[in-house]
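Treat the numbers as computed from the prediction; the structure is a model and nothing was measured. What's counted below: heavy atoms across the whole structure, side chains too, no hydrogens, waters or symmetry copies.
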Amino acid sequence: MSTEPRTRPPARDRDHRVTVAAALLLAACAAALAYVLLGGHHDDPVETESTADAPAHTVLG
């Protein structure tokens with residue numbers, strides 16, 4: 001056996017974890033923005049009774 005003390009491998013520091021988390025958050029935001037700007041979801045909105053029965057707004061001039 002060796003008489004030298006065993007050394008631990010260097011642990012990843014907190015800054016590395018924060019950088020990785022920030023990169024993932026930035027990627028998710030970029031994906032959401034691209035989805036919205038490129039058209040996204042195109043279902044027609046569902047009309048509720050209150051909006052279907054409401055009178056149309058007229059412009060008074």
Legend entry - Test side chain to side chain contact (heavy atoms under 4.5 Å, CB included) applied to Arg17 - qualifying residues, sequence neighbours left out: Arg14
Legend entry - With sequence neighbours excluded, residues passing side chain to side chain contact (heavy atoms under 4.5 Å, CB included) with Asp15: Asp13
Inset, instruction - Hydrophobic side-chain clustering at under 4.5 Å (ILVMFWY, transitive links): who's grouped with Val20? Put none if nobody. - result: Leu24
